[in-house]
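Letters A, B, ... are given to chains in the order of the sequence lines, protein chains preceding strands, and every chain is numbered from 1.
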Protein chains: 4
Amino acid sequence: MRCASAAANVFRPGDVVLLRDVLRPSLAILSGPLRLPTDTEDKPPSVCTHRGEVRHTAILNAHPRTLVKSHTAGATFVVTFPTLEEFVNFRKRKATPIYAFDAAATVALADIHIDEREHTVFEFLEAGTGHGSLTLAIARIIHAANANLDKNAPRKAVLHSVDRNKDHATYGVKNVREFRRGLYAADVDFHAPSTPSEYLQSRLKSITDHGDSHTAFLSGAFLDLPSPELEVEVVARCLKTDCPLVVFAPSITQIVDVIEAVRAKNIQLSMCKVVELLPGMGGSMREWDLRRAVLRNPPDRKEEGGSESQEKWVCRPLVGERIVGGGFVAVFRKKLQKTRRDNAGQLER
Amino acid sequence: MRCASAAANVFRPGDVVLLRDVLRPSLAILSGPLRLPTDTEDKPPSVCTHRGEVRHTAILNAHPRTLVKSHTAGATFVVTFPTLEEFVNFRKRKATPIYAFDAAATVALADIHIDEREHTVFEFLEAGTGHGSLTLAIARIIHAANANLDKNAPRKAVLHSVDRNKDHATYGVKNVREFRRGLYAADVDFHAPSTPSEYLQSRLKSITDHGDSHTAFLSGAFLDLPSPELEVEVVARCLKTDCPLVVFAPSITQIVDVIEAVRAKNIQLSMCKVVELLPGMGGSMREWDLRRAVLRNPPDRKEEGGSESQEKWVCRPLVGERIVGGGFVAVFRKKLQKTRRDNAGQLER
Amino acid sequence: MRCASAAANVFRPGDVVLLRDVLRPSLAILSGPLRLPTDTEDKPPSVCTHRGEVRHTAILNAHPRTLVKSHTAGATFVVTFPTLEEFVNFRKRKATPIYAFDAAATVALADIHIDEREHTVFEFLEAGTGHGSLTLAIARIIHAANANLDKNAPRKAVLHSVDRNKDHATYGVKNVREFRRGLYAADVDFHAPSTPSEYLQSRLKSITDHGDSHTAFLSGAFLDLPSPELEVEVVARCLKTDCPLVVFAPSITQIVDVIEAVRAKNIQLSMCKVVELLPGMGGSMREWDLRRAVLRNPPDRKEEGGSESQEKWVCRPLVGERIVGGGFVAVFRKKLQKTRRDNAGQLER
Amino acid sequence: MRCASAAANVFRPGDVVLLRDVLRPSLAILSGPLRLPTDTEDKPPSVCTHRGEVRHTAILNAHPRTLVKSHTAGATFVVTFPTLEEFVNFRKRKATPIYAFDAAATVALADIHIDEREHTVFEFLEAGTGHGSLTLAIARIIHAANANLDKNAPRKAVLHSVDRNKDHATYGVKNVREFRRGLYAADVDFHAPSTPSEYLQSRLKSITDHGDSHTAFLSGAFLDLPSPELEVEVVARCLKTDCPLVVFAPSITQIVDVIEAVRAKNIQLSMCKVVELLPGMGGSMREWDLRRAVLRNPPDRKEEGGSESQEKWVCRPLVGERIVGGGFVAVFRKKLQKTRRDNAGQLER
């Protein structure tokens with residue numbers, strides 16, 4: 001069993017891989033989808049690095065962590081599948097991404113546990129798609145509901161990712177398809193309505209047209225928009241009871257605006273918490289610099305501390321790097337609605 | 001479909017629920033598994049809160065976010081399923097837990113994407129089990145591989161959680177079973193060997209006894225131990241190529257010891273990064289205090305700023321809370337091994 | 001010379017001292033001013049601790065770091081002069097103080113360097129006085145201008161600390177007088193006008209009445225008020241060119257309001273920077289827990305790691321403490337004013 | 001009085017000034033000491049900026065915050081005295097400086113309050129001098145003791161700054177002399193012994209030679225050295241009772257080494273606290289980005305949110321900057337020594 005897997009675990013056409021310079025590990029390049037050369041092209045497909053080209057054929061059929069050399073400059077690279085963080089950071093961008101660990105933390109705050117044993121379809125909303133990094137983070141967490149299903153079976157979970165910018169939708173499709181052999185591609189549908197509310201209202205209309213009295217159809221919603229306060233009302237209407245609305249925003253004043261809107265329009269959301277994702281390496285975390293390095297001692301200290309050049313631990317937070325990522329996340333949950341049947345119960349104010 | 005789900009989505013016997021005081025939301029109590037009263041007991045099963053008892057029968061068949069009253073003191077509580085964070089924080093403890101968001105961040109650093117389409121079994125190690133919060137976080141991410149399988153089909157992924165303290169193993173089983181109707185219970189096996197290495201060596205022996213030349217069987221390993229440096233050598237031997245070893249430790253010097261051991265014993269691991277999970281609310285994140293509050297203005301400012309008591313935004317990091325969580329995480333990946341077949345290739349130093 | 005000093009450096013009547021429990025160093029008590037017993041009182045003056053009373057006579061004439069015992073419970077305390085941080089933290093409070101290191105950082109941001117060689121009087125404003133901790137921090141930095149002056153010589157620098165709450169002013173006087181033998185007492189004047197602007201306008205009027213055309217008289221101003229935006233206009237008018245206005249506020253939205261006011265009213269201030277003092281131990285700093293502690297090893301590890309119980313370093317950020325302090329600080333500087341004489345020059349917008 | 005001052009407050013020969021580009025305020029240049037042109041030079045003295053040269057004569061006699069133009073490119077700059085932070089950051093460097101706010105926080109931790117009314121000389125040690133930024137921060141806090149003294153009166157406080165690198169000493173002299181018209185120059189003596197201990201031992205010997213039995217002469221010591229653990233023993237011997245030793249180090253393991261040395265050699269120091277100065281802008285503080293900026297709204301939102309392009313607040317921690325500064329600071333205080341006279345007392349362990 002494992003042998004089969006080990007044999008299978010080599011790079012194949014279509015894979016996107018990361019090449020990291022073994023001598024300068026901070027230099028890394030993401031390939032395009034690997035492919036075999038065709039008869040008609042003059043130049044074989046290659047990854048273009050800062051230190052020469054590496055042919056796709058040198059990577060195809062190799063195991064992850066194989067060392068390859070650039071054809072031209074003779075530099076050595078270790079080849080791996082990119083982590084989600086590397087995929088987001090090294091991918092060409094049209095928009096500032098939500099950094100991978102910020103996206104993971106944002107999704108953790110939503111606390112989604114889809115029970116695939118339930119007989120229902122779990123629908124989620126993400127607005128806007130942007131770079132697609134939050135999309136991948138959400139898809140990963142809802143993926144379980146669709147895993148191991150028969151090819152023709154209907155999906156049990158779907159993420160609707162909307163962005164009025166058609167480029168973002170196109171880009172999102174491409175990103176999701178090219179990450180880890182499209183593992184999460186079937187979990188997401190992309191849409192390009194002019195606003196998130198437009199999309200949701202057309203969905204609500206279609207549900208009412210079917211005579212369904214339970215119009216709430218979302219098991220969770222994520223907003224990453226310049227003016228999220230304009231969308232919360234319709235989103236809240238679509239959320240099922242106790243399901244989360246998560247708002248990500250770079251500025252705390254955007255979160256203030258959302259809370260103000262919830263209050264002013266008496267939107268049926270209960271605020272759970274507001275957190276800051278601290279800027280740094282993403283995910284609020286701090287990277288540390290841990291290594292042994294040679295420090296020079298004064299000559300007359302030789303007899304005390306040993307040799308003149310002493311190897312010591314460097315053990316400190318990493319500095320000199322640019323601060324990236326960060327942002328503010330507010331988590332709300334839909335209140336229980338009074339219905340004819342539940343008339344007797346008390347409701348949250 | 002959704003109607004059925006909505007009807008089904010009520011609390012059932014066996015559910016563990018959270019009761020939050022509506023007037024003082026920071027006060028919350030986790031119930032034991034809900035159950036119906038039996039004929040033989042004098043007192044019906046209840047949740048004991050700081051403001052009186054709430055009978056299980058008042059919760060059973062109610063929807064999440066229903067308001068219930070304590071039988072004795074007349075306090076009102078909103079009832080929900082606990083989030084993973086609430087489950088970890090409010091559960092009775094025998095050990096300091098890894099806080100839920102710290103556990104989520106630790107798992108995110110491992111960057112696990114199990115492709116359930118592959119024909120293999122993915123095995124993971126966690127040592128030690130402790131409070132079981134990291135266990136739940138890992139189980140959640142490997143769960144997809146086992147989702148929607150036929151009852152009798154073999155699992156495609158399994159987490160081996162080991163702890164020499166038999167209480168921890170027992171407690172881990174109970175925790176995983178009682179969280180969200182046991183959603184992740186089938187994903188974890190608990191063991192109580194005297195050391196993690198003992199468990200791994202027995203596994204290695206059994207593989208070699210079967211004549212299998214590929215002895216590496218772990219797709220990932222997580223260590224949360226007082227002396228992780230004593231286990232890394234055997235763990236590294238069991239890891240498949242490019243698979244992650246993640247070490248969580250409260251003190252940075254424990255991480256120093258691990259790196260020292262890898263160096264001294266020439267263990268085939270490549271260090272990827274060391275990060276700090278900042279203490280605070282867990283997950284390195286900072287909670288903010290965002291609300292409107294009344295501030296009093298000096299009397300002679302009435303004409304300028306409006307009324308005497310002005311409502312203003314409080315918009316600041318939350319203070320006065322105890323700092324919890326935090327820790328250091330080191331991520332390593334297994335290097336590619338020279339085998340008879342791969343003899344020609346270059347290897348990472 | 002030094003001998004004299006060493007002899008003199010003992011506790012004297014009037015000194016306020018800190019007693020720290022040697023067995024539980026986190027327990028500390030601030031004394032009132034020490035004094036000799038009088039003939040008329042039944043009970044000798046004592047410091048009341050959680051573990052019995054310590055008589056003032058046991059402390060008077062002792063050197064700092066002397067160990068004293070409580071009369072009743074026999075606990076041992078080390079006696080020292082309180083640091084500014086200890087004085088602020090352990091002093092009885094009527095208002096939330098600005099923590100000592102937050103105050104020090106706030107003053108550092110103002111970058112005050114008084115050149116006592118100049119022939120002028122340097123006046124500063126602080127509004128409001130509150131607990132007096134920022135007062136002490138400012139006094140300390142302007143103290144140089146008044147140091148070593150003849151008793152009857154006029155002061156070269158003075159801090160005007162205003163608070164409409166007369167209790168705060170009274171309390172401020174007492175705090176400044178009782179810290180380190182009143183070292184900074186002569187550097188501060190306390191006032192209790194109904195608003196800071198009222199105080200400043202009376203000063204401006206008095207200057208104009210004297211026929212002085214240069215009305216700006218402040219070399220720096222510090223605001224710690226609920227609505228600082230109401231005072232900036234008058235404060236700016238009183239500031240000399242290039243002198244700093246520093247606004248401290250717990251909420252970032254208060255800083256937003258100040259910047260909005262500067263913009264809307266075209267106030268002649270240039271914004272230099274906005275910084276956050278991170279909550280924690282004050283001063284944005286994080287305290288670490290560094291000590292050796294005994295960790296138990298599994299029994300079968302004895303041969304590898306040495307003895308069963310191994311002493312290891314604890315080396316991590318301090319947790320379990322309450323997060324205190326923090327806040328936001330905005331620094332502005334007064335722009336150059338167009339005057340008849342300077343007519344030709346260009347001015348900052 | 002004030003008029004005189006206002007007239008005097010113009011730039012004079014010898015002043016070092018900062019020129020900040022009004023259109024791109026992040027671009028700033030520190031001048032050399034200003035001077036008048038001489039007859040013999042072809043080119044008048046100028047500040048060379050990225051956008052042309054500014055003649056010293058355009059700055060001399062101008063007030064701070066005057067706008068000047070570059071002679072060649074016509075760019076406009078606002079001229080001020082540099083703050084201590086700007087002086088440290090923009091000065092040409094031979095060593096990585098301790099950032100100005102880190103230095104201020106380090107000094108605040110020492111809690112120095114020199115009482116100039118006492119009849120003694122207060123001596124301090126700094127090792128090593130390095131860039132001179134900690135030197136300036138210490139000098140500023142001890143300056144009060146020497147302020148307003150007669151020209152020929154002996155100093156009441158002196159900082160001995162030692163560095164085995166003679167360049168550092170030379171550079172330190174120059175830096176202290178050129179900051180704010182040499183305000184703190186008389187407060188510091190620079191030495192270049194081969195180790196700090198060598199300097200201290202020569203001082204101890206000279207004291208003993210004079211027959212003085214109280215050899216401790218330091219009121220405080222600051223170490224910023226690669227191996228501070230080699231110097232603590234001698235430093236501790238020189239410290240007066242209860243006076244602080246402050247160790248600054250980039251790596252936490254250097255602090256571990258110092259504590260280990262204090263323990264192993266039973267050095268008479270009591271550890272007060274270990275803190276981390278968080279990297280960022282220095283001083284552990286975080287800079288925020290607060291400004292109004294135009295965000296574009298979707299066209300169909302015009303009726304709701306007003307015009308198409310809406311001006312909104314940007315209100316977030318500053319990102320994209322390099323993380324600088326940071327470090328660890330340990331504060332110790334000298335224990336009370338048993339002397340013949342104090343024989344009876346108990347001593348701190």
For this session: May I ask you to test the D/Lys273-C/Met285 pair for a side-chain heavy-atom distance under 4.5 Å?
Result: no
Exercise. Just wondering, do D/Asn148 and C/Lys156 contact through their side chains at under 4.5 Å, heavy atoms?
Worked result: yes
Problem set entry | D/Val256, part contacting chain C, at a heavy-atom distance under 4.5 Å | both
For this session: Could you check which of C/Ala62, C/Ala147, C/Pro64 has the highest count of heavy-atom pairs closer than 4.5 Å to chain D?
Result: C/Ala147
Exercise. So do D/Arg333 and C/Thr83 actually touch side chain to side chain, heavy atoms under 4.5 Å?
Worked result: yes
Problem set entry | Proximity breakdown for D/Ala153 and chain C, heavy-atom pairs closer than 4.5 Å | neither
Exercise. For chain D, which of C/Asp115, C/Val329, C/Leu277 has the most heavy-atom pairs under 4.5 Å?
Worked result: C/Asp115
Exercise. Side chain, backbone, both or neither: which part of D/Ile141 has a heavy atom under 4.5 Å from chain C?
Worked result: side chain
Exercise. Between D/Leu278, D/Leu318, D/Asp242, which residue shows the highest count of heavy-atom pairs closer than 4.5 Å to chain C?
Worked result: D/Asp242
For this session: Could you check if a side-chain atom of D/Thr241 sits within less than 4.5 angstrom of a side-chain atom of C/His63, using non-hydrogen atoms only?
Result: no
Exercise. Do D/Arg291 and C/Ile259 come close enough that some side-chain heavy atom pair is under 4.5 Å?
Worked result: no
Exercise. How about C/His113 and D/Phe81: do any of their side-chain heavy atoms sit closer than 4.5 Å?
Worked result: no
For this session: Give, as side chain, backbone, both or neither, the part of D/Asp289 having an atom under 4.5 angstrom from any heavy atom of chain C.
Result: neither
Problem set entry | Which portion of D/Arg180 sits near chain C, non-hydrogen atoms under 4.5 angstrom | both
Exercise. With a 4.5 angstrom heavy-atom cut-off, which part of D/Leu290 approaches chain C: side chain, backbone, both or neither?
Worked result: both
Exercise. Contact part of D/Ala108 toward chain C, heavy-atom cut-off under 4.5 Å: side chain, backbone, both or neither?
Worked result: both
Exercise. Mind checking whether D/Leu109 and C/Glu85 have side chains closer than 4.5 Å, heavy atoms only?
Worked result: no
For this session: Mind checking side-chain contact (heavy atoms from CB on, under 4.5 Å) for C/Arg292 and listing every partner two or more places apart, or none if nothing turns up?
Result: C/Glu311, C/Trp313, D/Glu260, D/Arg263
For this session: Return the option, out of C/Ile252, C/Val107, C/Val78, with the maximum number of heavy-atom pairs under 4.5 Å with chain D.
Result: C/Ile252
Exercise. Do the non-hydrogen side-chain atoms of C/Glu116 and D/His143 ever get within less than 4.5 Å of each other?
Worked result: yes
For this session: Check the side chains of D/Asn9 and C/Lys240 for a donor-acceptor pair under 3.5 angstrom, ignoring hydrogens and angles.
Result: no
